[in-house]
Each structure stands twice: as C-alpha cells, then as structure tokens.
Asks: 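Could you have a look at this structure, given as structure tokens, before my questions?
Start at 1 with the first residue, then count along the sequence. Predicted, not measured: the structure shown is a model, and the values here were computed from it. Every heavy atom of this structure was used, including side-chain atoms; hydrogens, water molecules and symmetry mates were not.
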Amino acid sequence: HLTLAEEANVPQSQPLWIKVCEGKVCRSIVTFSGQTVEIGGRSVEALADARGGVMLVGEHFLWSSRQSGAGARLQIQAAQL
C-alpha cells in the first residue's frame, strides 16, 4: 500500500524508516519525524530523537528503538534515514 501526497509536500524534519510485523504480515513505512502513522490499528506520532533513535508515541502506546519491546503481537524496527 503506497500513500502519496497530492502536492509536493516534503517536511524539513528527519526521514524515518519503520518496519512493523503483526504475526507473519510485515510492512515498511517511510515517513518524516512529526508525522502520524498507523501502527497496530492505532494512530501514533513518529519522532526522531537527538541520538539517532526513533520513538512512536500515541494514546496508551509508547515504543522506542532504544528499548524495543512492543509486545507479543507487534514486532517493530525503526531507524533514521
């Protein structure tokens, strides 16, 4: 699934790569820090930190590439590009 903007709209923030696996189904997301993405049926904000890590923050959801443990059903990997 690919989602494109209707106009050239490239944020000035850090680009991010996120891989999410739910069971055997995996998908990759390329986005920018500060943008909202859907992870496990939840809207979360993808954020780059100052030390090269990535955080995913939402209501009742927090994941960090520095402490990667999303739970049994979700496996997440992320990096700054």
Asks: Does any non-hydrogen side-chain atom of T31 lie less than 4.5 Å from one of I18?
Replies: yes

Asks: Is any side-chain heavy atom of F61 closer than 4.5 Å to a side-chain heavy atom of L56?
Replies: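 In short, these two side chains touch, coming nearer than 4.5 Å.
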
Asks: Should L74 and V20 be marked as a side chain to side chain contact (heavy atoms under 4.5 Å, CB included) after you check the CA-CA gap, both sets of side-chain angles, and the distance that decides it?
Replies: CA-CA 7 Å; L74 284 179; V20 181; 3.9 Å; yes

Asks: Starting at CZ of F32, measure out to CG of L47 and round the result to the nearest 0.5 Å.
Replies: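 Result: 14.5 Å between the selected atoms.
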
Asks: Would you confirm whether S65, through its side chain, and V54, through its main-chain N or O, come within 3.5 Å as a donor-acceptor pair?
Replies: yes

Asks: Less than 4.5 Å apart, any side-chain heavy atom of I39 and any of I76?
Replies: yes

Asks: Under the 4.5 Å side-chain heavy-atom rule for ILVMFWY, direct or indirect, which residues accompany V25?
Replies: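 Via sub-4.5 Å side-chain contacts, V25 links to none.
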
Asks: Quick test of your reading: applying salt bridge (Lys or Arg N to Asp or Glu O under 4.0 Å), list the pairs with at least one residue in residues 25-51, sequence neighbours left out, ordered by first then second residue.
Replies: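 Qualifying pairs: D49-R66.
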
Asks: For residues W63 and Q77, report the shortest heavy-atom separation together with the two atoms involved.
Replies: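 Looking at all heavy atoms of both residues, the closest pair is CH2-C, 4.2 Å.
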
Asks: Output, in order, the C-alpha distance, side-chain angles, deciding distance and verdict of side chain to side chain contact (heavy atoms under 4.5 Å, CB included) for V44 and V57.
Replies: CA-CA 5 Å; V44 299; V57 180; 6.0 Å; no

Asks: Under the rule for side-chain contact (heavy atoms from CB on, under 4.5 Å), what residues qualify as partners of A48, not counting sequence neighbours?
Replies: Q14, L16, S33, Q80

Asks: Return each pair, listed once, that meets disulfide bond (SG atoms under 2.5 Å apart) where at least one residue sits in residues 19-56; pairs must be two or more places apart or across chains.
Replies: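 Non-adjacent pairs meeting disulfide bond (SG atoms under 2.5 Å apart): C21-C26.
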
